[in-house]
Amino acid sequence: MVTIRDLMKALSITNLTKTYSNGNQALKGIDLSVESGDFYALLGPNGAGKTTAIGIVSSLVNKSGGEVQVFGHSIDSELEAAKACIGIVPQEVNLNLWESVGNIVANQAGYYGLHGKLAKQRVEKYLRALRLWDRRDDIARSLSGGMKRRLMIARALVHEPRLLILDEPTAGVDIEIRRSMWEFLRQINEAGTTIILTTHYLEEAESLCRHIAIIDEGTIIEDARMSDVLRKLQREVFVLSLAEELSAAPALDGFMTRLRGDCELEVEKGPDCDLNDLFVQLNARNIHVSSLRNKANRLEELFMRLVESKQQEAEL
Amino acid sequence: MNIGLNVVAAKTIVRKEIVRVMRIWVQTIVPPAITMTLYFIIFGNLIGRRIGSMDGFDYMQYIAPGLIMMSVITNSYGNVVSSFFGAKFGRHIEEMLVAPMSYATIIIGHVAGGVLRGLLVGLLVTIIALFFTRLTVAHPLVVISIVLLSSIVFSLAGFINAIFARKFDDISIVPTFVLTPLTYLGGVFYSISMLPEFWQNVSKANPILYMVNAFRYGILGTSDISIGHAYAILIVFVVVLFSGCMYLMQRGIGIRE
Ligand SMILES: Nc1ncnc2c1ncn2[C@@H]1O[C@H](COP(=O)(O)OP(=O)(O)OP(=O)(O)O)[C@@H](O)[C@H]1O
Ligand SMILES: [Mg+2]
């Protein structure tokens with residue numbers, strides 16, 4: 001039964017399992033639910049099962065058990081309707097390297113039933129958006145790695161899917177292009193496209209996504225709003241660059257401090273402390289801070305802690 | 001099923017296939033033309049003169065329909081098997097698998113591509129044949145329908161080969177060990193009436209014999225077998241092979257984990 005609530009969900013995965021033919025148990029019963037319009041990060045270490053899960057949703061991999069619905073369409077009973085809603089950017093390049101850039105995108109439009117003028121317009125629109133229009137007559141083989149990735153994004157968007165799934169879209173993409181890709185993804189998300197993204201750059205997930213799920217060894221170990229996850233972090237470590245050398249770390253109320261090098265001070269802040277308070281105390285000691293940064297990306301810390309604690313559990 | 005979408009998607013696949021054939025025309029069109037020219041020169045012209053006539057026709061005239069059919073068959077098969085296996089190997093098959101078209105559309109699109117290449121090469125070989133001999137068409141409708149059906153049968157067979165193939169070697173095994181021998185034994189170069197009765201009966205188990213003879217009947221008006229049998233066999237093959245393709249696609253054999 002499809003309820004109104006399910007229709008609101010861009011993706012709903014229930015108790016999904018996958019055992020590969022070689023006995024590899026890649027998914028051990030995962031549940032995921034992605035709201036329509038969300039920007040969703042699916043994170044996890046290598047081999048966690050992200051690509052497998054995406055493969056099942058896009059029907060490139062047969063599932064062993066469980067249910068998947070895309071905008072209320074079950075991939076078992078309404079596969080074609082489900083497929084029509086999805087655009088997919090795979091982790092590994094799957095372009096016909098001998099085909100021209102323009103033909104690749106135009107063919108994909110055709111596979112989704114777009115033809116004639118509309119198809120032409122879409123091809124131009126997305127090749128321009130991904131800055132590949134000038135290369136439309138070149139074969140895919142002649143593109144650089146980052147360009148191939150952009151081509152796969154253009155290809156995934158040509159039918160304007162309601163749900164865009166990107167499996168490590170920014171791997172091997174230079175910083176400038178990555179930033180412009182982020183901007184682009186933000187725009188299409190704001191225009192209403194639901195986006196699911198996997199990445200190993202946690203900074204990317206933190207800056208783009210509003211919801212995160214972490215998967216490890218085929219099970220979901222975290223699934224929450226990004227803001228809630230970040231709030232849950234118990235401590236945060238800042239590195240302060242000091243204007244002058246210190247001989248010893250100052251003792252501050254409510255903060256743990258440690259000197260690293262001559263002019264760098266590490267300050268660990270608990271959940272209830274206030275950064276203003278830190279500066280008040282530093283001021284009182286006449287310590288001048290020339291710059292400040294997070295020791296590690298906050299999400300990265302959480303990620304490491306979750307995955308490590310899981311490994312320790314496994315060892316016990 | 002959304003019919004409009006599937007029609008557009010099928011056309012797209014056919015266009016993609018034509019672009020592919022034209023892009024690599026040196027591999028797809030030139031070799032059969034060269035091979036067949038050699039056949040005509042060596043078998044038809046040099047050796048054929050010593051053979052004299054067969055079934056009341058010039059040897060050259062007698063083998064021309066068989067050679068045309070042989071090129072249609074091998075090129076239809078070859079086109080589908082390399083294109084579809086290439087798509088598997090390069091993983092761009094995923095472009096089609098994620099799209100909302102039906103499996104039938106994927107099959108029909110590739111088969112149509114194979115048929116077009118088969119017809120294109122067949123036409124070319126016919127033109128080459130006309131440099132060597134005179135061909136008149138006795139039964140045009142038979143010629144057209146037999147060429148189309150045979151080309152469809154071998155395109156479907158090529159599709160199944162591509163589904164099972166795991167490496168490039170696998171796409172040449174069937175042509176080398178099955179297709180070529182069956183073609184040579186399929187009455188391209190001789191009339192089976194020349195064989196002892198036992199071998200005549202064995203030959204009749206070879207489906208290619210029916211295609212070659214039905215096609216020769218269409219052109220020359222002579223055949224070793226009944227034309228009705230040829231149609232029946234071809235239609236059964238089309239139905240069985242198409243169902244096989246559908247079954248394999250639905251199960252995801254060779255294309256999905
Ligand atoms: N075709 C396959 N056959 C057998 N096992 C596979 C296959 N593909 C993936 N696996 C296994 O399934 C598990 C999950 O792999 P998957 O590719 O989904 O991980 P991932 O989270 O995408 O990793 P990465 O971050 O490295 O891309 C791994 O243990 C992998 O070895
Ligand atoms: Mg992966």
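Proteins come first, then strands; the chains are lettered A, B, ... in the order of their sequence lines, and each starts at number 1.
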message: Run B/Met96 and A/Asn107 through side-chain contact (heavy atoms from CB on, under 4.5 Å) and show every step you take.
response: CA-CA 9 Å; B/Met96 293 178 270; A/Asn107 285 345; over 6 Å; no

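- Shown here is B/Lys11, whose NZ atom has no more than 12 heavy atoms of other residues, nucleotides or ligands within 6.0 Å.
- Note: B/Arg91 CZ to A/Leu97 CG = 12.0 Å, rounded to the nearest 0.5 Å.
- For B/Val19, the part lying near chain A is the side chain, with the backbone staying farther off; criterion is any non-hydrogen pair under 4.5 Å.
- When all heavy atoms of B/Arg256 and A/Ser59 are compared, the pair lying nearest together is CD-O, 3.1 Å.
- Counting non-hydrogen atoms of neighbouring residues, nucleotides and ligands closer than 6.0 angstrom, the CZ atom of B/Phe237 reaches no more than 12 such neighbours.
- B/Glu95 and A/Arg155 make their closest contact through OE2-NH1, 2.7 Å (heavy atoms, listed as atom of the first residue, atom of the second, distance).
- More than 12 heavy atoms of other residues, nucleotides or ligands sit less than 6.0 Å from atom CG of B/Leu38.
- In this structure, CD1 in A/Ile104 is found 11.5 Å from NZ in B/Lys16, a value given to the nearest 0.5 Å.
- Crowding of B/Tyr247 atom OH: a count of heavy atoms from other residues, nucleotides or ligands under 6.0 Å not exceeding 12.
- Closest heavy-atom contact between B/Val98 and A/Ile88: CG1-CG2, 3.9 Å.
- Between the CD atom of A/Glu80 and the CG atom of B/Asn6 there is a distance of 6.5 Å, given to the nearest 0.5 Å.
- Note that the CG atom of A/Leu114 and the OG1 atom of B/Thr12 stand 9.0 Å from one another [nearest 0.5 Å].
- Ranked by heavy-atom pairs under 4.5 Å with chain B, the first of A/Gly116, A/Gly113, A/Ala84 is A/Gly113.
- The structure places CG of A/Asn96 at 3.5 Å from NE2 of B/His92, a figure rounded to the nearest 0.5 Å.
- Scanning all heavy atoms of the two residues, the minimum distance from A/Tyr111 to B/Ile13 falls at CE2-CG1, 3.7 Å.
- The CZ atom of B/Arg20 sits 14.0 Å away from the CG atom of A/Asn103 when rounded to the nearest 0.5 Å.
- A/Tyr112 touches chain B through backbone and side chain together, each having a heavy atom under 4.5 Å away.
- The neighbour count for A/Trp98 CH2, taken as heavy atoms of other residues, nucleotides or ligands under 6.0 Å away, does not exceed 12.
- With a 4.5 Å cut-off on non-hydrogen atoms, B/Thr105 does not touch chain A at all.
- Counting heavy atoms of neighbouring residues, nucleotides and ligands inside a 6.0 Å radius, atom OH of B/Tyr103 exceeds 12 of them.
- For the pair B/Arg23 and A/Glu99, the minimum side-chain heavy-atom distance is below 4.5 Å.
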